[in-house]
Amino acid sequence: MPKPEVVIRDKTFIVKITSNAIQSRISGLANEIETDYINKNPIIIGVLTGAAIFTCDVFRRLSMDCELTFIRVSSYSGTESTGKVTGVIGLKENIKNRHVLIFEDIVDSGETAVHLLKELQGHQPASLKLATALFKPAALKHRVEPDYVGFEVEPDFLVGYGLDYDGLGRNLNDIYVLKS
Ligand code: IMP
Ligand code: MG
């Protein structure tokens with residue numbers, strides 16, 4: 001059973017999506033992906049750090065041929081609290097003519113996703129799709145539509161299952177929302 005509440009630094013969070021619910025959705029997503037990519041040997045690209053857990057959870061449920069790698073997005077922080085995305089770091093694989101599936105932890109404003117898709121599209125993959133554990137459609141500021149979504153959520157601040165608050169909370173197995 002998940003803890004109903006957790007305290008991280010100065011904030012209290014309440015449980016929102018249980019580990020059981022997450023794992024059953026992961027299983028469904030893996031089935032969808034397997035159906036869509038069987039015999040295509042896709043390359044799955046997880047975006048560090050937040051998506052590491054989601055990426056591995058789905059990946060280990062796939063029984064077809066598929067490859068796994070990870071990238072980071074670089075950002076500069078200006079006067080705004082959130083850094084603007086400036087590029088992709090760490091892609092060693094040649095993805096030209098490959099079926100590429102990006103794994104994100106969350107699509108919030110869509111800024112990160114838009115930059116990732118644009119940059120990776122420049123490598124001329126055979127196909128390029130986006131999977132995200134969480135999607136906040138009401139927070140979108142860019143035109144992006146994830147192809148695989150774990151859960152659609154309200155535009156509230158979440159932690160757990162890879163998502164952090166000031167570096168902490170990624171190791172929570174359940175997803176929590178900031179208590180208002
Ligand atoms: P974007 O606004 O869609 O570009 O999201 C940028 C990044 O903000 C995500 O990849 C997350 O790392 C982070 N983020 C967005 N929403 C949340 C949240 O609710 N909790 C923790 N991190 C978040
Ligand atoms: Mg992220």
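For ligands, and for the atoms within them, numbers begin at 1 and follow the listed sequence.
Counting heavy atoms of neighbouring residues, nucleotides and ligands inside a 6.0 Å radius, atom CD of Glu154 does not exceed 12 of them.
In summary, the atoms of ligand 1 found under 4.0 Å from a heavy atom of Lys136, numbered by their order in the structure, are 16 (N), 17 (C), 18 (C), 19 (O). Which parts of ligand 1 touch Glu111 is read off a 4.0 Å heavy-atom cut-off, strictly below it: atoms 3 (O), 4 (O). Contact atoms of ligand 1 toward Ser109: 1 (P), 2 (O), 3 (O), 4 (O) (distance under 4.0 Å to a heavy atom of the residue). For ligand 1, the atoms closer than 4.0 angstrom to any heavy atom of Asp164 are 21 (C). Taking a cut-off of under 4.0 Å to the non-hydrogen atoms of Thr112, the atoms of ligand 1 that pass are 1 (P), 4 (O), 5 (O), 6 (C).
To the nearest 0.5 Å, atoms CD1 (Ile8) and CZ (Arg170) are separated by 11.0 Å.
In terms of polar-atom proximity, Val107 is not counted as a contact of ligand 1, lacking any N or O under 3.5 Å from an N or O of the ligand. Inclusion of Leu158 in the set of residues having an N or O under 3.5 Å from an N or O of ligand 1 is warranted.
Contacts with ligand 1 closer than 4.0 Å are made by no heavy atom of Val159, backbone or side chain. The backbone of Asp156, and not its side chain, has at least one atom closer than 4.0 Å to an atom of ligand 1 (non-hydrogen atoms only; backbone = N, CA, C, O).
In terms of modelled atom types and a separation under 3.5 Å, the side chain of Asp147 and the main chain of Leu130 share a donor-acceptor contact. Using a distance-only test at 3.5 Å, with no hydrogens or angles considered, no donor-acceptor pair links the side chain of Thr132 to the main chain of Phe135. A donor-acceptor contact shorter than 3.5 Å links the side chain of Arg25 to the backbone of Gly150.
With 3.5 Å as the limit, one finds no donor-acceptor pair spanning the side chains of Glu104 and Thr112. Side chains of Glu5 and Thr12: no donor on one and acceptor on the other come within 3.5 Å.
Contact between Gly110 and ligand 1 is present, with at least one heavy atom of the residue lying under 4.0 Å from the ligand.
In this structure, Phe157 and Tyr165 have perpendicular ring planes: the angle between them is above 60°, well past the 30° mark.
Atom 10 (O) of ligand 1 has its nearest heavy-atom neighbour, among Val153, Val144, Asp105, Val47, in Asp105. Among Val114, Ile175, Ile106, the residue whose heavy atom sits closest to atom 11 (C) of ligand 1 is Ile106.
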